[in-house]
Structure formats: structure tokens, C-alpha cells
Amino acid sequence: MDYNFREIEKKWQQQWRQNKVYAVRNDSERPKYYVLDMFPYPSGAGLHVGHPLGYISSDIYSRYKRLKGFNVLHPMGFDAFGLPAEQYAIDHGIHPAVSTEANINTFRRQLDNIGFSFDWDRELRTCDPKYYKWTQWIFLQLFDSWFNRETQQSGRIDSLVKIFEKEGNNAHAFPNTKYQLPSGQNKFSSQDWSLFDERTKQEVLMQYRVAYLAYTDVNWCEALGTVLANDEVINGVSYRGGFPVVKKKMRQWSLRITEYAERLLKGLEEIDFSESMKEIQRNWIGRSFGAEIRFDVRTPHPWPLSKGEGSENSDSRSKLTDPGYFASTLEQGKGTIDFSKENRKKSTEAEDKLWQELRNRKSEDFKFRRQYPIAGYIPDFVCVEKKLIIEIDGGYHEESEQKKFDHDRTKWLNEHGYRMLRFSNDEILNDLPAVLQKISKSLSQSVSPSPSEKGPVGELFLNVFTTRPDTIFGVDFMVVAPEHEIVKEITSAEQQPAIEEYLQYVQSRSEVERMAEVKKITGCFTGAHAVNPFSGREIPIWISEYVLAGYGTGAIMGVPCGDERDHKFAKHFGIPITNIIGEHYNGEEANPTKDAILQNSDFLNGLLMRDAIEVATKKIEEAGIGKQQINYKMRDAGWSRQRYWGEPFPIVYQDDIPYAMDEKDLPLELPPMEAFKSSGTGEGPLANAKDWVYINEHERRDTNTMPTHAGAAWYFLRFMDPHNDTAFADKTALDYWGQVDVYIGGAEHAVAHLLYARLWIKVLHDLGYLNFDEPFKKLINQGKITGDSRFVYRIRKTNQFVSAGLKDQYEVDALHVDVNIVDGLKLDTEAFRKWKPDFADAEFILEKDPVSTSPAGGGGRAGDGIYICGSAIEKMSKSYFNVVNPDEVVEKYGADTFRMYEMFLGPLEASKPWDIKGIEGVHRFLRKFWRLFAHEEKGLVIKNEKATDAEWKALYKTLKKVEEDTERFSFNTAVSSFMIGVNELTDLKCHKKEVLEKLLVSLTPYAPHISEELWKLIGNQGSILDASYPLIEEKYLVESSKNYPVAVNGKTRTELTIALEATQQQVEELVLSNDVVKRWLEGKPPKKVIYVKGRMVNIVV
RNA sequence: GCCCAGAUGGCGGAAUUGGUAGACGCGUCAGACUCAAAAUCUGGUUUUCGCAAGAAAGUGCAGGUUCGAUUCCUGUUCUGGGCACCA
């Protein structure tokens, strides 16, 4: 009766499937337990031995919990939408649905091979309309929600509308502080609200929705034809494929995850994730606590812009200058201003008529200015907010002097985003409505947003965010991001050419370059100065690429004595450095300490910096020049992808205003398509499905789809009730299963999937669908299994291969060789010749086997040598030929061996190399285990005799250790314990049923097939999967004495068996009379005898 | 540069609260069985010295605390992971 694992495993897998032993019910008396694996993406490559590591550990834990009496939910499904399938479709013309289906089947077959206990009746796929109906439905909940900062909770949009109707947005400012209403304001009253038209109302609400549409800087990848999320971009290139990525402004769906930053951060405290995983999330959220401080700006030639239409001030000047034709001298500037005044008097009838109309447009919130200087030129009318210029032909444009400037000016205006409308006098006088309509149309077109940081008109200031307000007196300069709007407004005439040049340089710099050359110091002085709000000192304002427009306010205060980067900047550009920390600053290097006593700091003098932070912040708030502020590095999550193979947005645009689709019309299914190339205009392939996109003249659909994170953000809820078609899951099921108790997966999902899932669950919780707001109670990251690559060394330009030990004598190229034709390091040269046609005629330079040195040893036949390969630990990858397929391992050793071996390799969380050699040991263990029950020839050897104390002790020792180890996911040591236990029972020649039966149950989670087989062989009814875990009888583990190590001065010298209840005195007597101890004492009296009960004895001399 | 984790025999690793370092497995050496091989079984296997008994050193490196440190503290090197002009 041999251990025929192939037959046994096949048989039980079949029976288990037939009997549906893994079906899980939602109504059980037993306590629930939810064990989940991270959603796999079914790639075309199939599984390698690294993938099942997590699945095996979760399976062991699930089966263990089941034996322990829990109702265990352990489901599996597929994250089946996504880029690779679509890329494959583009390359091979196979529909993503088809290739995905094929990949899933391969995956499923491979998983089944390993004997997992998944409840396949609950399987789900994100690309199934029955599933993504609910992904879309949840998206609509996000669309219909806003985050109430006061309560720190999500609420329904209609609750926000009620607030607006009552009090405007006074208590709930726009989440995006830079957002302004068309009027330029960011506050509105209840009355304003009631006067807003539908478009404006929707636009305002959009500013609050959790899922919202906005122009955002996105990571655009031309090669993939899509937008990528921040976490899909690595060092400026795409995560998949490594294509360049650039910033681009596009109208995109985003999730307002930034509003939840604080809750996501706080939530980390109550969940059991590894410290490193929490750290990654904390870094990603990037909270920094500090103050926002306002610095007034003094331009070198002040131009106090007065309210109204242009300026009456004689010293006013153009706020923007053009180096090409105007800016270099002030004289010309003055000339233009004079000319504008002159021109004003000559205004024509047409101009006046249009002006009357335009100035009345104030109610529409676009303010027109008349004869307002732009770039040193005075257009007839300009709307600065919308960057729209209106010119009326006739008059001085005819003059030849003017004409030659037209070209340069138009160029400048275009570069700066201005558009120009030209009307003739006749048009205005004869058909004013048509003219106004044209203007309205132009105004409704959007311009690149983000109006500059401007205070009340006539005043310019810069807000900076700092975590160190205590260093306010050490500020020696300001640095503004090159993209900052204010740059245009503050640049002096003298500096204009230099600034232009620098801006051009910045634009030419790709993300990749900027990231590669971090240490390079660049920058340019604007000519303007900022005023320190406390000391009144004027400090220069610079621009530099090291300041990021997207972070904080896009401007910083430079404190060179305390910040390394600021210090380098100051040194590089020769800016004088103020020392506020005395001897802590050595003049050579900045010192970011918080432990210095402040000097040169006015009211902060004598304070410890650490304490001064709060003092300074208070003072700043009192003086009304700033406020305490918390900043987050995290950005809102881009949620649109220009892709076909994803969930369509359940949104309909009615005349460009987005509205939620009716719930009853869900799912919005993908239209059938044959080709998936992007449209080329930045729109996704769906734009080509015109019938689907355009519902009617006024209504159209979104042509983007959601990212793969969408389906994965809530799938764990669907497993609880996977076939429900009236709700995403029934409330009773949600309440019964609750949080995922253990979530096992790779660390690569740290910031994307895990944050989005946590966000979705928080919103669903706030809206009342869930009674928990963290999805995963405990997270375990399994380590990677790395590949162990093998190399052969080809002598350059030959087909000769030299063994690793001799390769240094030649000029060689190392080539990866398939690990499957190498035994250890020894290459199978014949297999190598057959491996690839190129190598058919390969010749080998062999060496003596360095391992077996004896002449009789393995490679010892006279004249023979072997080919030794080089090796390296690398990631497991097809291109390295180091991939090991689990199917082959299972075929050779069986699933039970494979499962136990993967666990035996090392701690679950550590990454470790795959080495097939060790699997023999685990396989031998299972054979040895089998032999306790059955003998090859004699058949069953199991006996019904009473067990001895020694046998019970061996058993319970093992059970105790295995249980402890399994509980703490230390599966490698649990396998060791089984081995030790089986070795001991073998030594005891124990074949007793009452002992072995218990051991068998405890082995079931690890090796279910052999356990079930033996369970039946020794005459049990029912499945061992439903047995209960054996209880440990401690009485057999109680010891009466212990073999103590006896040390002299800390060095163990001998061992003594002493009764456990021995007293200190008894021990001292016993130990000191020992011969070995006496010898080591050399007659000297012991100073002290340390006796730790159950541990050790130490004699100090 | 910053943050986190880690470093133990020839290899994967164990030592759960500071208490016999190297469990278990691989590899390897020797032996048994065999005509022989495979499989299986038994024993040795951290290093150095020694026939042995035994002795000395030893958990990346340098210190410290302690009767006693792989474990705690300080510094440092290297490896892996994360973040990266983040103010």
C-alpha cells in the first residue's frame, strides 16, 4: 500500500467538487471568519511558483479555522478588466473578452491543481455586466456624495443643496481653494445660489462631489494613448511598458480622496497592517503640519491697478511686457499709456454702444475692461478672466507704425492664451445681437483655469506654506514655482528676458530629466520683492523648478541657514544668508535642527525652535497674516482611462452638463467593438462607437472608462452575496460577514488598491450601507519568491561554452539558460544542444566537478568533466528562463508536497529564492507520515492499542506547536514541527490510531488530500474537512524535571537534571557539588548563583 | 537624500518574554541493504586546534548595558523595499 499521491489527489479533488464541500452558507450558527486573497489579474502567462504562496497560506488558515469551528468565507474571483488584455487585443486582434476568458480558464485549472478550498459558486469577474452594474451603481453613490468637513462624514448631495439654499457656501468653502466662481469670488450666498442657472449650479455642486469632473493635470502617456494614475507612473515613465509620460490638462473624472486624508490616516491606527505597509500609506498621504503665511509683494515699479476699466493713474504701466517689442525700455511703456488715454477720447460710436452692453454683463460675472493694457498694448475691450480680447476695426490699426507690431503682439497673446474677436464698426451698429451672441459663445468656452493668487484688486501677495514658522526671521528669499500665475504679474522689465528664457528652459525639461537631475540648481530672479510681514525686510522673489506648483501654495520661503536645499540655492546665487541659530549654523551647511535657541528673531529671540513654532503660528494668526494649516501630499485620484476594457461611466451629458444615469438603466454595458485603437484625439476607443456615445442631439455618454481599481475597490463585499441583482449585496449578508478578517496579498498594492478600497468603504459606511468603515482588519503581505537563474558563458564570437570555473580565462558573454535543464549548477549539455537551434552545435569546455573530490565520486570517471553554470537570484520572469511552473512540480511531487514545501521555504512575509532541491525533504516527510499508517507490502499497520505517555507527549507537543504557529501565520515552523513529531513517533514505532488520528486532523489544512485518504483508510465516515481540531491534553506535557544548562560566568559548562520544584538552596548545593563545576571554579568561592526556574543556572565567580 | 525592514553554518531557515545559538530540511561525508544502482535506513557535519577527552572563537562590523545579548541601547557597513526637489 504505497503513497500514490497522483491517484489520491485526483480522486479527492473530484469528490470534493461533486459534494460541494466548499460551499459556504450565509446563515450559520457558527462564528464567521473571512479570509481573502488579493484579487488576481488573470495574465496570459499563467501562474508560476511564486503566485500560489499567498493562496496556499490563506487556504491553510481557512481550513484551520474551519476545523476550529468557524464558518469560513474563502472566495476567489478575477480582476478581469484592464490594460494588458486590451493591449493584447490591439496587438493580436483578439477581443479582450475572449483572451480574458481563456486566461481565467488557465488560471482556474492551475489553482484547482493545488487543491484550494475556494467556494467557486461565489466566483466573480469584474468584467461581467452583472458585476459592474454595481461598480457603476457605487460610482453613482460617490457622484451623489460630498464630504462634510464639519462632521468628517460623507453626505448626500441633496443635503448640500439644502445648505446652499439656506446659507450659501459660507460654512462649506470650496474644497479646492483655488476654485473661483465666474465672478472671481469663492463665496456665495443663498440668494446667489437661487440666482445661479442650472449650469452654474451643477458646476458648483461638481466642486463638492466625491466623484467629480474637472480639468486636471493628468499623466498622459502618448504611447499607451491614455491617462495614468500617479501610482502607474514610475520615474516619469509608464509602469507598464516604460513609455514617457507628460503632464496634460484634460477634463477627467476624479475621486476626492484628499478630503478623506485625515480619516484614512487615522484609520491606520486601528487596523492590523504591517508597519511598513502603514508607513507606505502614511508617506503617500503625506500629512504635514505647519502654517500658511502671507507675504506682500512689492513690484519694482508699482502699478496700483485701480478698480474699473483700465487705469487713470499716470504712473500705471503694463503689467505684462513683451521682450520682443516693448518691454526693454520704460519709455516706450509710458508712451503706450499716453497713447491709450489719447485713444480713449476718440472712441467711436460703435465702441460706446458695445461698451454699454458689455459693462452690463456684470450679472454674468464676466467683467470687461475698456482700454486696459495687455502686454504693452491697449485692446479696445478685454475680459481678463476669460482671456478674451475684443477689437473694433477702424481707427489707429490702419496706421503703418502700428501694423509692424501686430505680428509680434498676436504671437505673444496666443502664447499667453488670449483669444481675439474682431468686429467692424458696421457689425456693431447694425447687428448688435449677433455680435453679443458671438461674444457669449466665446465666453462660454473655457480657458485654462486657475486665476492667479490675487488679493483684492490692486494688491499682490504670495502665500507660502511652511512647517517651520519659527524660522520666519531667517527668510532670505522667496521661491515661486515657474508655473505660478503670479510670475507674469510681478516680473520686472529688466528681468523679463531672463525669466522668459528660464520658463522656456523649464518647459523643455521632461519629467524624467527633472527627476534624474535632482541636485542641479537652477532659478531666475523676477525683479520683484516680498515683504517679511514681521520685520518688514524686503527679500527677492525667485522662480525655480524645485518648487512644485501642485504642492502647497506653489511658493516657499527660503530659509538658507535651516534648509539644505534653500542653502544650496542661496550659495549658488549669492544671496546673503541670515543666521538665526547662532553656533548651530557653521556657514557651510544648513542645519535643520529644532533644538537651537533662536537669535536675530525679534519676538522669538531666546526661544527653543521647537517651542517657537507654536508661538510664531499664534502670532501669525493674531496678526491676520496667515493661519495654521495642514497639507497633504496626496492628490485626488484620476478616475478616467482612455480605454475600452473597463467600466463605462454611468453618466449622461445633457448639453455638456453631466447627470447620473437612472439606477434602473444600469448596467450601462460596453458597446461591442472590433478595434480598440484610441481615437488619437486623446479620447478613448469608445469615441469611435458613435451610435453608443450619441444618444440624441443633446445627450451623449462619456467615452472614458474606469480604471481597474474600480472593480477591485469593493469586490470583497460582493463575495458575501454574489448573485444578488437587487443590491450590491444584501444588508444581512453584509452585517453577517462584516470586515475581511485576514487579507493576504503582495505589497505592491499598498497605495492604489488598498487606499481606494478604504475610501469606497468609508463612503458606503457614511451613507449607511455598511456598519464598518475599514474593509480589512488584518493584512499580511506575502514575500516574493524570487527566481534562481542559471548562466552559461559563451566565448565571444564562437559557439563554444566554457564552464563557470574557467570563464575568467576567456572573453565571454553570460547567457541565461533554462533552469529546467540544469541540475543544481550542472548543465545537461545534451538538453542544452536541443534547447534552441542556435546551440545545436555548441561545444563545451568542461571542468572537474569541484564538489565530489573523491576519485570514486559522481563526476570522477577518468577524463570526464562537467559544465558548471553561473547563478544569480533575480525576479522570476520568462525572459530570464528561471520560471518554474507549479503544474510541473505538482505532477512530480503532488499538491500536498507542493503546498507544504512552499510554506517550508521560510517566513511567509520574507522574500526567498525558489530552490527545488529542498522539496525532496518535504516529500520524504509525507512518505514517512504515510508509513506510520500503512506499509508498502503489509498494508495498513494502524493499531487500536492504548497509547503510552511518551506517545501522547510526542503528539501533544507537536499539536501545541502547530496550533500556535498556524495562529500566527508561521507556517514554516509549523511544517518543521510536523517533521519533528513524525520523526519522534517513528522512533517510538507508534502506529496507534488514537494518536495518529489527531495528528491527521491537524495536518489537514496543510496536506488535505493525504489526510482525507488516510482518514478514510483508518475507517472514518464523513470528510476530515469537517472534523474538529483536536484539543490538547496538557497533563501529558507537564514535566517534573528539566535538563538545566549550568554556566560558570555565563559560559555553559555542563548540564544537570534538576527537579522543577527545586528551591534556590537545593539547586546551589546540587550545582556546587558537581565535578565539572568544581573544576571550573578552581577552588574560588562563588559570588552568586543565579537560578531561573525552568531556564538555566549560572554561577558567578 | 529621507523613511521602513533585514543581515545567523556550504544553502533555505529556527531560537515566541534577555536564559543551552544553529531546531527542521537541503547539501555533503561515512556506514547498512544491494552483483550494482536507485529508493530506503543509520550516524557525523559552525569554524579552528586536537587521535580523543576537550578547548577556543562564533549570529554583518565597533562599542555599551547585564550574572548572561542573535534578542535591549549607541554608532557604522551592506542588502531589500518605499518615497524622492513635499517646503
With both distances kept under 3.5 Å, what pairs with [N], Watson-Crick or G-U wobble?
N     : result
B:A39 : none
B:A5  : B:U79
B:U74 : B:A62
B:A69 : none
B:U46 : B:A57

Parallel, tilted or perpendicular, as decided by the 30° and 60° cut-offs, for the rings of A:H753 and A:H749: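 Geometry flag for A:H753 against A:H749: perpendicular rings.
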
When the ring planes of A:Y505 and A:Y502 are compared, do they come out parallel, tilted or perpendicular, using 30° and 60° as the limits?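 Tilted: the ring planes of A:Y505 and A:Y502 meet at 30° to 60°.
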
Interatomic distance, [X] [atom1] vs [N] [atom2] [rounded to whole Å]:
X       : N     : atom1 : atom2 : result
A:I285  : B:G82 : CD1   : P     : 18 Å
A:I630  : B:C86 : CD1   : P     : 20 Å
A:H749  : B:G82 : NE2   : P     : 13 Å
A:H935  : B:C41 : NE2   : P     : 11 Å
A:N1074 : B:U20 : CG    : P     : 19 Å

Considering only atom [atom1], compute the distance from [N] to [M] and round it to an integer number of Å.
N     : M     : atom1 : answer
B:U46 : B:U79 : P     : 30 Å
B:C67 : B:U17 : P     : 22 Å
B:G58 : B:G44 : P     : 26 Å
B:U28 : B:U20 : P     : 32 Å

Counting primed atoms plus P, OP1 and OP2 as sugar-phosphate and everything else as base, spell out the protein contacts along nucleotides 10-19 of chain B at 4.0 Å heavy-atom distance: B, S or - for each nucleotide, 5' to 3'. --BSSSBB-B

Does [X] place a side-chain N or O at less than 4.0 Å from the phosphate oxygens OP1/OP2 of [N]?
X      : N     : result
A:R565 : B:C86 : yes
A:R924 : B:U40 : yes
A:R931 : B:C41 : yes

Sequence-distant partners of A:T966, side-chain hydrogen bond (donor to acceptor under 3.5 Å, both in side chains), two or more places apart: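 Partners of A:T966 by the side-chain hydrogen bond (donor to acceptor under 3.5 Å, both in side chains) criterion, ordered by chain and then number, come out as A:Y1006.
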
Lys NZ or Arg CZ of A:R927 over A:Y3 ring: under 6.0 Å, within 45°: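 That pair does not qualify as a cation-pi contact.
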
Result block: side-chain N/O donor-acceptor pairs under 3.5 angstrom for residues 1091-1101 of chain A, not counting sequence neighbours:
from: A:Y1091; atom 1: OH; to: A:A1062; atom 2: O; distance (Å): 3.4
from: A:N1098; atom 1: OD1; to: A:G1050; atom 2: N; distance (Å): 3.0

Audit row: A:T522, A:E545, side-chain hydrogen bond (donor to acceptor under 3.5 Å, both in side chains) steps and yes/no: CA-CA 7 Å; A:T522 67; A:E545 59 181 332; 3.0 Å; yes

Check each residue of residues 464-473 of chain A for a non-hydrogen atom within less than 4.0 Å of any atom in RNA chain B, then write out the ones that pass by number, or none.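 Going residue by residue through residues 464-473 of chain A, the ones with a heavy atom under 4.0 Å of RNA chain B turn out to be A:F465, A:T466, A:T467.
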
Output every pair passing side-chain hydrogen bond (donor to acceptor under 3.5 Å, both in side chains) with a member in residues 467-476 of chain A, not counting sequence neighbours, ordered by first then second residue.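 Passing the test, one end in residues 467-476 of chain A: A:R468-A:D470, A:D476-A:R537, A:D476-A:T578.
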
RNA chain B: 5'-proximal contact among A:N1049 and A:N983 (nearest heavy atom):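 So the residue in question is A:N983.
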
Give A:E1055 one of three labels, base, sugar-phosphate or nothing, depending on what nucleic acid heavy atoms sit under 4.0 Å from its own.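 Base contact - A:E1055 has a heavy atom under 4.0 Å of at least one base atom.
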
Kindly state whether the ring of A:F569 and the ring of A:Y546 have centres lying under 6.0 angstrom apart.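 Between A:Y546 and A:F569, which both carry aromatic rings, the centre distance is below 6.0 Å.
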
Verify the distance criterion only: is there a donor paired with an acceptor across the side chains of A:Y901 and A:D915 at less than 3.5 Å?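 A:Y901 vs A:D915: no donor-acceptor pair found between side chains.
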
Distances under 3.5 Å between protein N/O atoms and the N/O atoms of nucleotides 56-58 of chain B, please, pair by pair.
from: B:A56; atom 1: OP2; to: A:R1053; atom 2: NH1; distance (Å): 3.0

